[in-house]
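Everything on this sheet refers to the single structure shown next.
Computation of the quantities below employed the complete heavy-atom set of this structure, encompassing side-chain atoms and omitting hydrogens, waters and symmetry-equivalent molecules. Computed from a predicted structure; not experimentally measured. The sequence lines fix the lettering, A, B, ..., with proteins before strands; numbering per chain opens at 1.
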Amino acid sequence: MFIEFRNEVEHVLEEALASYDSEGMELTESEHADISSRIAFSLASKYKRSPKSIADEIVKYIKIPAEDTLISNAVADGPYINFFVNDVYLHKALQRIKEGITAKKKEGKIIIEHTSANPDGPLHIGHLRNAIIGDGLARILKRAGYEVETQYYVNDMGRQIAVVVWGAERMEIATAKKADHAVVDVYIAANRMVEEHEAYQREIEDLMGAYESGDEAVVKRYETVVNASLSGIKATLERLNIHHDLFVFESEFVREGAVEAVVEELVQKGNIKRRDGAALLLHLDGIDKELVIRRTDGTLLYTTRDLAYHRWKSSRCDRLIDVFGKDHELVSKQLTKALELMGVRAPEFVIFAFVSLPTGSVSTRAGRYISADELISKIEARAYEEVAKRRADLEEDRKRAIARKVGIGALRYDMVKVSPEKHIVFVFEDALDIEKKGAPFIQYSYARACSILRAAEGLFTDDYDDEYNTALREESEKDLIKKLAKFEYVVQTAALELKLHLVAKYARELAEMFNAFYKYCPVLNAEQELRGARLQLVYCTKTVLGDVLDVLGIEAPDVM
RNA sequence: GGGGUCGUAGGGUAGCUUGGAUAUCCUGUCAGGUUCCGGACCUGACAACCUGGGUUCAAAUCCCAGCGACUCCGCCA
């Protein structure tokens, strides 16, 4: 409803400004009004008058319609022109929520690529951030009305995978373990062997060559390993409520000749520097480092294959988003330039900084890493302790289910509450401290709302609409409704700017306002008419809290 | 050496693209609060824009310089 209000303010203000020579309206949100305009400042310098006198004058020209409007009034406060909503706005905002908020379908399809971890072992904490950001973006764009497809790009042609495939011939992939964990064991052991014997390195190279050329027996061996890893990775992602619509394999582009086609095109269109052998180095404007698209020995590189993948992706959608780690930043720039050269639309990159541990850097080989599975289990266990302490009355299954929602919620919220470019030091104790950390607080508010509605079973009906205007007059009630009315606006803004933390912030603020309302406005003990109105407000809050948590990929428990 | 990101209370963090009212929120410390629907709650207080210039009526925001931090720089992925 806020979007409609904003549109109306724009319309009214534009007419009032008709006789001025102004560009834009300089609308801002502030605590002083529902919407403000700072236009008087810029007009002041243009007309050599005081901002205050101009603001006073503009307000006189503002004509608010007598009916069918959401604006109550516009007043000049010094140089600012402040607009306020009316009761109709508050009424309609709740009405909209009761009908169920659904965004209008938007034109265009969006593809988001995220996670894309190498299938040589389990996900670790860095992948987790990638996956959670990517999934969050997908959810928010869907909510904003777009068609979204999520893709996991499987790097099945790298050396790491070859090492695992090689190792799998010599040792068993343990079946007792979760598949991705079993695969990394093989990788670590095989890698040690390969490092010690040069002869093995040749075998690895032969294996890579055979796979690239599509040798059937080799392809089968690869598939076994890659599928084992992916099944484990998928299981981990599932615990986090994350799924991908499509898994795309790097090798497909090589065998179809799409990669060769890219090379040919770049040779024709680009500034190529040849060096010894078959090597091709591409110089890209504005980037010092040349992009190697083919090795001396004639084999191709990851980035070249990535170009083929992006060309394919780009042709299948209208907006392309990649979630990349910071270490890929240079690659992302080279990718952009090279794609431009090819006349292919480049993706929008969401670059996120790494998650490190207080003990130092993460190292897979040294065994000094935290697998995502381990982390998830620990945080769920911690949440369980808390649930068991508070809700001894519940059945075991119930407690487990709540702990799962709370634990995953805390983790997901933690990963998106700050801007992606901020580096995170992952302190176990803090992450496991589920109190005051965002998601549990919001979930608790949701559970409380549910609790009230349960207690009011039979009292809550839909026919209090007419009473609304006279019933809900408390500040905490109005603030809460205004916040509810902004949900769609926040979703649209966050979708446009790809800023998940805006949604996280909104969720927290909404929960805060509900708690304040809860504190000052008794619902069940209010006299009948007021009770009905407040029950509706509780219902609407519950709905939006559930929606906003869903956008963040967090489940809302009705008890906790 | 070159590129990038960043510097906001004791710690963390929003705001910076598009300059404008008392700089956001979490945590911390201190002081309060529940005859009531769930105390994983609420209210109040303390405390910050790296430094120096510049532009401007107005700078956390834009420009320049400095200092500091982190990070990337393989014919790996």
Side-chain angles (χ1 to χ4, degrees), chain A residues 24 26 28 30-33 36 38 40-42 44-45 50-51 77-80 82 116-118 120 155 157-161 250 275-281 286-303 305-306 325-331 333 351 353-354 356 386-387 389-391 406 417-419 421-425 427 430 433-445 447-456 476 497 499 501-502 504-505 508-509 511-512 514-526 531 534-535 538 559-560:
Chain A
E26 302 199 28
T28 59
S30 83
E31 60 211 271
H32 304 275
S36 300
R38 308 185 294 228
F41 281 112
S42 46
S45 57
S50 81
D77 182 357
Y80 298 92
N82 289 339
S116 300
N118 285 343
D120 56 4
N155 300 312
M157 299 208 72
R159 197 182 157 77
Q160 284 96 324
I161 305 306
E250 189 177 22
R275 268 201 232 152
D276 38 43
L280 292 173
L281 287 88
I287 300 177
D288 291 340
K289 185 130 192 67
E290 274 143 12
L291 177 65
V292 180
I293 55 179
R294 199 205 311 263
R295 294 192 188 93
T296 312
D297 65 8
T299 55
L300 299 167
L301 284 107
Y302 164 83
T303 322
R305 299 193 287 265
D306 219 13
K326 243 187 137 82
D327 56 340
H328 281 56
E329 210 165 13
L330 177 62
V331 171
K333 284 190 182 124
I351 303 277
F354 280 100
S356 60
E386 201 62 30
V387 175
K389 197 162 71 193
R390 293 167 194 274
R391 299 302 304 260
V406 173
K417 72 178 181 189
V418 303
S419 314
E421 73 271 9
K422 290 277 182 186
H423 171 235
I424 296 178
V425 176
V427 181
D430 288 358
D433 177 13
I434 55 161
E435 288 183 27
K436 303 211 169 215
K437 282 289 185 260
F441 169 73
I442 300 157
Q443 289 169 315
Y444 179 65
S445 306
R448 272 177 153 180
C450 290
S451 176
I452 293 178
L453 292 172
R454 271 195 302 275
S476 64
E497 300 179 13
K499 285 183 178 172
H501 65 268
L502 294 180
K505 181 167 173 268
R508 195 193 56 228
E509 287 170 352
E512 268 169 13
F514 177 66
N515 281 323
F517 159 77
Y518 181 92
K519 188 74 183 173
Y520 297 114
C521 301
V523 178
L524 297 175
N525 294 335
R531 182 178 66 195
R534 284 183 175 167
L535 278 171
V538 172
V559 296
M560 67 183 273

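Taking atom P on both nucleotides, B:G1 is separated from B:A65 by 16 Å, rounded to a whole Å. Taking the P atom of each, B:U24 and B:C50 are spaced 16 Å apart, rounded to whole Å. Of the P atoms belonging to B:G44 and B:U8, the separation is 27 Å, rounded to the nearest Å. For the C1' atoms, the distance linking B:C49 with B:C25 amounts to 16 Å, nearest Å. The same atom, P, is picked in B:G68 and in B:C75; the two are 32 Å apart, to the nearest Å. Between B:C16 and B:U27, the distance separating the two P atoms is 24 Å to the nearest Å. A distance of about 16 Å separates the P atoms of B:U13 and B:C26, rounded to the whole Å. For the P atoms, the distance linking B:A60 with B:U17 amounts to 12 Å, nearest Å.
In the set B:C16, B:C75, B:G38, the nucleotide with an atom closest to the side chain of A:Lys499 is B:C16. Checking B:A14, B:C76, B:C41 against the side-chain heavy atoms of A:Arg295 singles out B:C76 as nearest. With B:G20, B:U22, B:A77 as the choices, the nucleotide that has an atom nearest any side-chain atom of A:His32 turns out to be B:U22. Here the nucleotide nearest the side chain of A:His328, chosen from B:A77, B:U13, B:G20, is B:A77. The side chain of A:Leu301 approaches B:C76 more closely than any other nucleotide in the set B:C76, B:A14, B:A21. Nearest to the side-chain atoms of A:Arg508 among the listed nucleotides B:C75, B:G7, B:C25 stands B:C25. You'll find that the side chain of A:Glu512 is closest to B:C26, out of B:G7, B:C75, B:C26.
Distances shown here put a side-chain N or O of A:Arg390 below 4.0 Å from the OP1 or OP2 atom of B:A40. An OP1 or OP2 oxygen of B:G15 is reached within less than 4.0 angstrom by a side-chain nitrogen or oxygen of A:His501. A:Thr303 has no side-chain polar atom (N or O) that falls below the 4.0 Å cut-off from OP1 or OP2 of B:A77. In terms of phosphate contacts, A:Lys326 brings no side-chain nitrogen or oxygen within less than 4.0 Å of OP1 or OP2 of B:C70. The phosphate of B:A77 (OP1 or OP2) has no side-chain N or O of A:Tyr302 nearer than 4.0 angstrom.
For A:Phe517, the side chain to side chain contact (heavy atoms under 4.5 Å, CB included) partners at least two apart in sequence or on another chain are A:Ser476, A:Glu477, A:Leu480, A:Phe514, A:Cys521, A:Val523, A:Arg534, A:Leu537, A:Val538.
Residue A:Leu502 is the one, among A:Glu250 and A:Leu502, whose nearest nucleotide of RNA chain B lies closer to the 5' end (criterion: closest heavy atom). Of the two residues near RNA chain B, A:Thr28 and A:Met157, the one whose nearest nucleotide lies more 5' is A:Thr28.
Both distances falling under 3.5 Å, in either a Watson-Crick or a G-U wobble arrangement, occur for no nucleotide opposite B:G19. Here B:U55 sits opposite no nucleotide as a Watson-Crick or G-U wobble pair (both hydrogen-bonding atom distances under 3.5 Å). Using N1 to N3 plus N6-O4 or O6-N4 for Watson-Crick, or N1-O2 and O6-N3 for G-U wobble, each under 3.5 Å, B:C6 pairs with B:G68.
In this structure, CG of A:Leu330 is placed 14 Å from C1' of B:A77, rounded to the nearest angstrom. B:G39 atom P lies 11 Å from atom CZ of A:Phe514, rounded to whole Å. Between A:Lys505 atom NZ and B:A23 atom P the separation is 15 Å, expressed in whole Å. Put simply, CG on A:Asp327 is 13 Å from P on B:G74, counting in whole angstrom units. Distance, A:Lys389 NZ to B:G39 P: 17 Å, rounded to whole Å. When the C1' atom of B:C42 is taken as reference, atom CG of A:Asn515 falls 8 Å away, rounded to whole Å. Between A:Leu281 atom CG and B:C75 atom C1' the separation is 8 Å, expressed in whole Å. Residue A:Phe441 contributes atom CZ, which lies 11 Å from atom C1' of B:C25 at whole-angstrom precision.
Within 4.0 Å of A:Arg391, counting heavy atoms only, lies at least one base atom of the nucleic acid.
For the pair A:Ile351/A:Glu421, no side-chain contact is recorded, criterion being any heavy-atom separation below 4.5 Å from C-beta on.
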Under 3.5 Å, N/O pairs linking protein and nucleotides 31-37 of chain B:
| unit_1 | atom_1 | unit_2 | atom_2 | d |
| --- | --- | --- | --- | --- |
| B:G33 | N2 | A:Lys519 | NZ | 2.8 |
| B:C36 | O2' | A:Asn525 | ND2 | 3.4 |
| B:C37 | O2 | A:Val523 | N | 3.1 |
| B:C37 | O2 | A:Leu524 | N | 2.8 |
| B:C37 | N3 | A:Val523 | N | 2.9 |
| B:C37 | N4 | A:Tyr518 | O | 2.3 |
| B:C37 | N4 | A:Cys521 | O | 3.0 |

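Distance check: A:Asn82 CG to A:His32 NE2 gives 8.0 Å after rounding to the nearest 0.5 Å.
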